[in-house]
Asker: 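Below you'll find the structure I mean.
The basis for the numbers below is simple: all heavy atoms, side chains too, and nothing from hydrogens, waters or symmetry mates.
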Amino acid sequence: MDLRLLRYYVAVADAGSFNRAAERLNIAQPPLSRAIQQLEALVGAALIDRSTRPVRPTPVGNLLYVQARQMLARMEDMEGMLKAAAVSERRRFVIGFVASTIYARLPELIREFRQVAENVELILVEHSTLDQIAALKEGKIDVGFGRIRFDDPAVRRVILREERLIVALPMGHPLAAGSGPLSLQDLADEPQILYPRSPRPSYADQVLSLFRDHAVEPRIAHEARELQIAIGLVAAEEGIAIVPESVRFARSHDLVFREIREKATSPIIMSHRLQDSSPELVLMREVISRKYGEWGYETPSALPRGG
């Protein structure tokens with residue numbers, strides 16, 4: 001017996017009117033009447049006494065009404081249980097990231113992961129690299145993408161690649177006029193804008209080490225809270241900033257970018273709990289390996305080779 005017919009019949013019996021039942025069901029009245037007639041043909045007896053106002057179930061109709069209500073209720077319970085079971089099976093995967101990795105193709109990796117992990121609830125949380133360590137150990141995130149090398153026996157890190165660093169300059173800056181690379185010595189007297197201000201150590205310390213490894217003491221003008229503020233200050237002609245190369249593709253209308261003559265890179269590091277072998281983490285590693293192959297990056301030896 002068609003459950004749709006039973007729902008229609010219960011609606012008519014509850015409403016006491018074909019018209020009101022049709023309105024509640026959001027259908028026209030003639031199809032509803034035909035559906036009830038079809039049900040009556042299946043049962044072999046009249047189910048609705050149409051001679052009364054409001055219309056009422058016949059004795060056979062009362063019997064069907066009770067059974068239909070119970071059956072429909074059981075169906076609703078079953079649907080609810082199945083939906084709850086489906087939700088409970090939907091796993092969560094939490095990614096921590098530092099702001100600059102958003103420019104470094106992390107969004108493309110996340111989009112790919114979403115496509116191949118349809119039953120996974122993906123959550124993104126901005127964390128500094130050091131905060132990611134604590135969050136991993138406490139189970140608050142499942143994987144982190146940062147830039148600071150660290151050692152912790154409970155956390156495994158994988159250097160995905162070394163991203164080249166470049167100089168961001170205001171449009172009208174004298175050093176913006178050339179086309180070749182600039183040396184760190186060229187930048188020695190320029191006001192530097194560092195980020196992030198805290199927590200430390202951070203990417204800011206990488207930039208300071210870059211200068212000092214080449215016997216250059218930078219002149220610090222500002223320590224910005226985050227990357228966006230730093231490049232905004234550069235655009236406002238408050239100074240210059242050493243930034244990852246990927247920033248070049250995100251903001252170029254009011255900045256000029258020049259390469260650095262010395263070797264200057266910042267790592268992009270993926271971190272996860274040491275013994276974690278969850279299907280989601282395995283899938284993320286496979287996605288990174290495959291996409292890196294497509295982009296022409298060297299696949300880290302710690303990742304599976306993309307096909």
Side-chain angles (χ1 to χ4, degrees), residues 87-114 116-163 165 194-210 213 223 225-227 244 246 265-293 297-306:
V87 170
S88 67
E89 288 184 356
R90 185 174 172 84
R91 297 172 62 91
R92 298 173 75 230
F93 191 64
V94 185
I95 297 176
F97 65 94
V98 298
S100 64
T101 56
I102 288 293
Y103 298 100
R105 313 200 81 155
L106 180 60
E108 294 166 83
L109 295 176
I110 291 172
R111 285 198 301 271
E112 180 73 10
F113 182 85
R114 287 187 191 277
V116 297
E118 296 179 354
N119 202 40
V120 176
E121 180 185 4
L122 191 59
I123 300 172
L124 303 177
V125 183
E126 185 177 357
H127 276 314
S128 70
T129 304
L130 293 183
D131 287 343
Q132 289 176 25
I133 302 173
L136 282 167
K137 294 163 71 172
E138 294 169 8
K140 294 180 179 178
I141 66 173
D142 298 295
V143 67
F145 293 91
R147 290 189 179 272
I148 305 302
R149 291 177 169 86
F150 61 86
D151 289 307
D152 191 292
V155 176
R156 183 183 184 189
R157 74 179 192 218
V158 177
I159 298 178
L160 299 179
R161 64 187 177 94
E162 293 281 349
E163 184 177 9
L165 300 182
L194 293 181
Y195 72 90
R197 183 170 56 237
S198 62
R200 305 289 279 271
S202 68
Y203 171 81
D205 297 286
Q206 291 183 358
V207 173
L208 291 174
S209 294
L210 172 65
D213 286 349
E223 292 191 20
R225 188 176 69 251
E226 60 183 28
L227 171 59
S246 51
T265 62
S266 176
I268 299 175
I269 303 172
M270 180 180 72
S271 305
H272 60 83
R273 287 179 289 278
L274 185 62
Q275 301 300 328
D276 190 352
S277 58
S278 68
E280 293 77 21
L281 180 59
V282 171
L283 186 58
M284 175 58 79
R285 293 163 66 92
E286 291 175 351
V287 164
I288 293 172
S289 179
R290 182 169 64 254
K291 297 302 289 184
Y292 268 38
Y297 297 153
E298 182 178 353
T299 302
S301 59
L303 295 182
R305 296 295 170 179

Asker: Taking the side chain as C-beta and beyond, is there a heavy-atom pair between Y297 and K291 under 4.5 Å?
Answerer: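 No, too far: nothing below the 4.5 Å cut-off.
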
Asker: Could you give all pairs that pass the salt bridge (charged side-chain N to carboxylate O under 4.0 Å, His left out) test and reach residues 97-107, with sequence neighbours left out?
Answerer: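 The answer is R105-E108.
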
Asker: Any non-hydrogen side-chain atom of V125 less than 4.5 Å from a side-chain atom of K140?
Answerer: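 Contact flag for V125/K140 side chains = no.
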
Asker: Can you name the salt bridge (charged side-chain N to carboxylate O under 4.0 Å, His left out) partners of E162, sequence neighbours left out?
Answerer: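 If we apply the salt bridge (charged side-chain N to carboxylate O under 4.0 Å, His left out) test to E162, skipping adjacent residues, the hits are R149.
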
Asker: With a 4.5 Å limit on heavy-atom distance, are the side chains of D142 and L281 in contact?
Answerer: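 The answer is no, as the side chains (C-beta and beyond) never meet within the 4.5 Å cut-off.
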
Asker: So, do S289 and R285 sit near enough that their side-chain heavy atoms are less than 4.5 Å apart?
Answerer: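 A side-chain contact under 4.5 Å is absent here.
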
Asker: So, does E163 use its side chain to make a donor-acceptor pair with the main chain of S246 at under 3.5 Å?
Answerer: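 Confirmed, E163 side chain pairs with S246 backbone.
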
Asker: Are the side chain of R157 and the backbone of F150 linked by a donor-acceptor contact shorter than 3.5 Å?
Answerer: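 Pair found, side chain donor or acceptor close to backbone of F150.
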
Asker: Please lay out, stage by stage, how F113 and I95 fare under the test side chain to side chain contact (heavy atoms under 4.5 Å, CB included).
Answerer: CA-CA 11 Å; F113 182 85; I95 297 176; 5.6 Å; no

Asker: If you measure from CD on Q206 to OG1 on T265, what distance do you get to the nearest 0.5 Å?
Answerer: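 That separation rounds to 8.0 Å.
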
Asker: For H272 and M284, run side chain to side chain contact (heavy atoms under 4.5 Å, CB included): C-alpha distance rounded to whole Å, both residues' side-chain angles, the deciding distance at 0.1 Å, then the answer.
Answerer: CA-CA 11 Å; H272 60 83; M284 175 58 79; over 6 Å; no

Asker: Quick check: closest heavy atoms across S266 and L165, and the distance to 0.1 Å?
Answerer: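 Residues S266 and L165, closest heavy atoms: CB-CD2, 3.7 Å.
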
Asker: Could you grab the distance from atom CG of L106 to atom CZ of R111, nearest 0.5 Å is fine?
Answerer: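 Output value for this atom pair is 10.0 Å.
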
Asker: Testing the basics here: between L136 and V143, what is the closest heavy-atom pair and its distance to 0.1 Å?
Answerer: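 For L136 and V143, the tightest heavy-atom pair comes out as CD2-N, 3.8 Å.
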
Asker: Roughly how far apart are R92 CZ and E121 CD, rounded to 0.5 Å?
Answerer: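 Between R92 CZ and E121 CD, I get 5.5 Å after rounding to 0.5 Å.
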
Asker: If you compare all heavy atoms of V120 against all heavy atoms of E280, which two are closest, and at what distance to 0.1 Å?
Answerer: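 Shortest heavy-atom separation between V120 and E280 comes out as CG2-CG, 3.9 Å.
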
Asker: Do the side chains of S202 and T129 get nearer than 4.5 Å, heavy atoms only?
Answerer: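 Answer no - side chains too far apart.
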
Asker: So, Q132 and S271: side-chain donor and acceptor under 3.5 Å apart, yes or no?
Answerer: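 There is no such pair (donor and acceptor under 3.5 Å, judged by atom type) between the side chains of Q132 and S271.
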
Asker: Measure the shortest side-chain to side-chain distance between M270 and P300 over non-hydrogen atoms and say whether it is less than 4.5 angstrom.
Answerer: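 They are not in contact (no side-chain heavy atoms under 4.5 Å apart), so the answer is no.
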
Asker: When rounded to the nearest 0.5 angstrom, what is the spacing between CZ in F97 and CD1 in I102?
Answerer: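 The distance works out to 4.5 Å.
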
Asker: Is there side-chain contact between L130 and I133, with heavy atoms separated by less than 4.5 Å?
Answerer: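 Yes. Closest side-chain heavy atoms under 4.5 Å.
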
Asker: Let's go through Y203 and S100 carefully: what are the C-alpha distance in whole Å and the side-chain angles of both, what is the deciding distance for side chain to side chain contact (heavy atoms under 4.5 Å, CB included) to 0.1 Å, and is it a yes or a no?
Answerer: CA-CA 10 Å; Y203 171 81; S100 64; 5.8 Å; no

Asker: What distance separates I268 CD1 from L160 CG, expressed to the nearest 0.5 Å?
Answerer: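 Rounded to the nearest 0.5 Å, the CD1-CG separation comes out at 7.0 Å.
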
Asker: So which heavy atom on V98 is nearest to which on G146, and how close?
Answerer: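 Closest approach of V98 to G146, heavy atoms only: CG2-CA, 3.8 Å.
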
Asker: With sequence neighbours left out, write down each residue that passes side-chain hydrogen bond (donor to acceptor under 3.5 Å, both in side chains) with D205, or none if nothing qualifies.
Answerer: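 R200.
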
Asker: Any chance you could measure D152, atom CG, to L274, atom CG, to the nearest 0.5 Å?
Answerer: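 Here the interatomic distance stands at 9.5 Å.
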
Asker: Flag the pair I110 / L122 as yes when at least one side-chain heavy-atom distance between them is below 4.5 Å, and no otherwise.
Answerer: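 With C-beta onward as the side chain, the pair touches.
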
